[in-house]
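Okay, structure first, notes after.
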Amino acid sequence: HNPLRREIKMKKILILIIALLILAPTTALAAAKKQKVGYVGITYETKDSFVIKSKLFYPAKPQSVYPVVVMLHSLGYSSDYWGNIPKKFIDEGAAVLMIDLRGHGQSMYDSNFRIRSWQYFTKNTYEKYPSDISDIIKYVASNYKNLSTTKYAIVGADIGANTAILAAEKLPNQPAAMVLISPTREFKWLYTPIALTNLHPFPILSMVSARDPYSNKESQALKKFAQGEFDIKIYPAGSMGMLMLKANPSMGTDIVNWVMPKIK
């Protein structure tokens, strides 16, 4: 019960508490930084001064070269609506590039900060979608050397599906696989049959809803133009494009399980 000893002990406890308080924000900051590891926000300005925003996610496990999945959403949606599918790909070791198509999500501005929504686009603007995507893929490939330029897949829904086909035709290294959710021969003036005949014979999976007879019919028509494997998977619920995802919970797993063996 020595008062001096007790005072020294109290000072040590006080110093320890102060040290913990000082370190706490640093630890929190480190945790925040750790959570952001593997995420890159990408801004790309097109030739006609439109600003396209993308999100690039890396798996936690370091690799010298990552396989890549490019994801193109439905008309009127954005990358935020893919749900847990990107995480499923990341957990399997693939990098994921999610692009907001021009006029959607974070890609609603030109270089002069004027809002440009897809709702008011003309034929001429929609026809720029494939070039937007092929140019962004080439830009990312040249600036992020740890991404594979051959072991990659494109997943697209309705307008994203048609854009995927037309963008792939423009790329020097075409994808190893492609998933098309509710593809059609033509969507917003994006006509796909001729482009399909010009693609390499890589495997394509078309996903449609039994409640969407139009997309069913269109997938059957597109299959005739494909140069390689073109599988059609029909789901019981949902309607067109990304609306199918919530109605059919197994879709995300099906997409990942089909794509990953083809890009590993």
Side-chain angles (χ1 to χ4, degrees), residues 42-54 70-82 97-139 154-172 174-175 178-199 204 206-209 212-227 230 239-244:
I42 297 172
T43 300
Y44 179 83
E45 186 173 336
T46 65
K47 294 171 185 175
D48 62 336
S49 301
F50 210 101
V51 179
I52 308 291
K53 297 280 190 174
S54 306
V70 180
M71 307 193 75
L72 309 176
H73 58 79
S74 292
L75 184 72
Y77 286 73
S78 73
S79 296
D80 293 337
Y81 287 87
W82 282 115
L97 176 64
M98 297 193 296
I99 303 172
D100 279 355
L101 301 173
R102 68 162 69 196
H104 294 77
Q106 299 297 312
S107 302
M108 291 188 65
Y109 298 90
D110 62 20
S111 57
N112 293 315
F113 302 103
R114 292 175 298 194
I115 295 177
R116 303 275 307 279
S117 171
W118 64 272
Q119 294 168 296
Y120 307 104
F121 284 174
T122 62
K123 175 178 182 285
N124 180 59
T125 305
Y126 279 116
E127 287 178 338
K128 293 176 181 177
Y129 273 37
S131 294
D132 287 350
I133 301 309
S134 61
D135 288 347
I136 290 168
I137 290 174
K138 286 186 280 188
Y139 170 81
I154 305 178
V155 179
D158 58 64
I159 196 169
N162 284 39
T163 299
I165 294 169
L166 294 166
E169 183 189 21
K170 296 175 177 290
L171 290 164
Q174 293 185 2
M178 189 179 288
V179 176
L180 308 174
I181 302 172
S182 306
T184 51
R185 281 173 287 185
E186 187 171 355
F187 195 114
K188 291 294 185 183
W189 302 282
L190 300 180
Y191 184 74
T192 57
I194 295 172
L196 270 175
T197 65
N198 292 328
L199 296 181
I204 296 174
S206 176
M207 294 178 149
V208 295
S209 169
D212 180 15
Y214 177 70
S215 292
N216 272 268
K217 182 181 176 182
E218 289 293 290
S219 284
Q220 293 294 340
L222 289 173
K223 185 172 183 176
K224 298 174 183 177
F225 296 94
Q227 301 302 294
F230 191 102
S239 54
M240 189 176 187
M242 296 170 80
L243 288 172
M244 293 173 59

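As a basis for the values below, the full set of heavy atoms in this structure was taken, side chains included, without hydrogen atoms, waters or symmetry mates.
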Query raised in the report: Just by distance, do the side chain of S134 and the backbone of S131 share a donor-acceptor pair under 3.5 Å?
Result: yes
Query raised in the report: Is there a donor-acceptor pair closer than 3.5 Å between any side-chain N or O of N162 and the backbone N or O of T192?
Result: no
Query raised in the report: Is any side-chain heavy atom of M240 less than 4.5 Å from a side-chain heavy atom of S209?
Result: no
**Report entry** Side chains of L101 and D132 in contact at under 4.5 Å (non-hydrogen atoms)
**Finding:** no
**Report entry** From N216 atom CG to S206 atom OG, the distance as rounded to the nearest 0.5 Å
**Finding:** 8.0 Å
Query raised in the report: Could you go step by step and tell me if D48 and R116 meet the salt bridge (Lys or Arg N to Asp or Glu O under 4.0 Å) rule?
Result: CA-CA 13 Å; D48 62 336; R116 303 275 307 279; 5.9 Å; no
Report task. Hey, can you tell me if Y129 and Y126 have their rings parallel, tilted or perpendicular (30° and 60° cut-offs)? Result -> tilted
Report task. Calculate, to the nearest 0.5 Å, the distance between atoms OH and NZ belonging to Y109 and K53 respectively. Result -> 10.0 Å
Query raised in the report: Minimum heavy-atom separation for W118 to L75, with atom names?
Result: CE3-CD1, 3.6 Å
Query raised in the report: Are side-chain heavy atoms of K224 and F230 found at a separation under 4.5 Å?
Result: no
Query raised in the report: Are S182 and D212 side-chain neighbours, meaning at least one heavy-atom pair lies under 4.5 Å?
Result: yes
**Report entry** Flag, side chain of Q174 to backbone of P172, donor-acceptor distance under 3.5 Å
**Finding:** no
Query - Modelled atom types, side-chain donor and acceptor of S74 and D158, under 3.5 Å - result: yes
Query raised in the report: Are any of the side-chain heavy atoms of L222 and R185 separated by less than 4.5 Å?
Result: yes
Query raised in the report: Measuring from K123:NZ to F121:CZ, what's the distance to the nearest 0.5 Å?
Result: 15.5 Å
Query raised in the report: With a 4.5 Å limit on heavy-atom distance, are the side chains of L190 and P130 in contact?
Result: yes
**Report entry** Shortest non-hydrogen contact from A164 toward M178
**Finding:** O-CE, 3.6 Å
Report task. State, to 0.1 Å, how close A195 and E169 come at their nearest heavy-atom pair, and which atoms those are. Result -> CB-OE1, 3.3 Å
Query raised in the report: Are D110 and R114 close enough, and set up right, to give a salt bridge (Lys or Arg N to Asp or Glu O under 4.0 Å), and what steps lead you there?
Result: CA-CA 6 Å; D110 62 20; R114 292 175 298 194; 2.8 Å; yes
Report task. Measure across Y81 and Y77 and return the closest heavy-atom pair with its distance rounded to 0.1 Å. Result -> CG-CD2, 3.5 Å
Query raised in the report: Under 3.5 Å, is there a donor-acceptor pair linking the side chains of Q106 and D100?
Result: no
Report summary line: CE (M71) and CE (M98) are apart, to the nearest 0.5 Å, by 7.5 Å
**Report entry** Euclidean distance, I154 CD1 relative to L180 CG, rounded to 0.5 Å
**Finding:** 9.0 Å
Requested in this report: State, to 0.1 Å, how close K138 and L171 come at their nearest heavy-atom pair, and which atoms those are.
Outcome: CG-CD2, 3.8 Å
Report task. Please round to the nearest 0.5 Å and tell me the distance separating atom CD1 of I136 and atom CD1 of I52. Result -> 5.0 Å
Report summary line: Smallest heavy-atom separation, S239 atom then M244 atom, equals O-CG, 3.2 Å
Report task. Test side-chain contact (heavy atoms from CB on, under 4.5 Å) on I165 and L199 and set out the steps. Result -> CA-CA 8 Å; I165 294 169; L199 296 181; 4.3 Å; yes
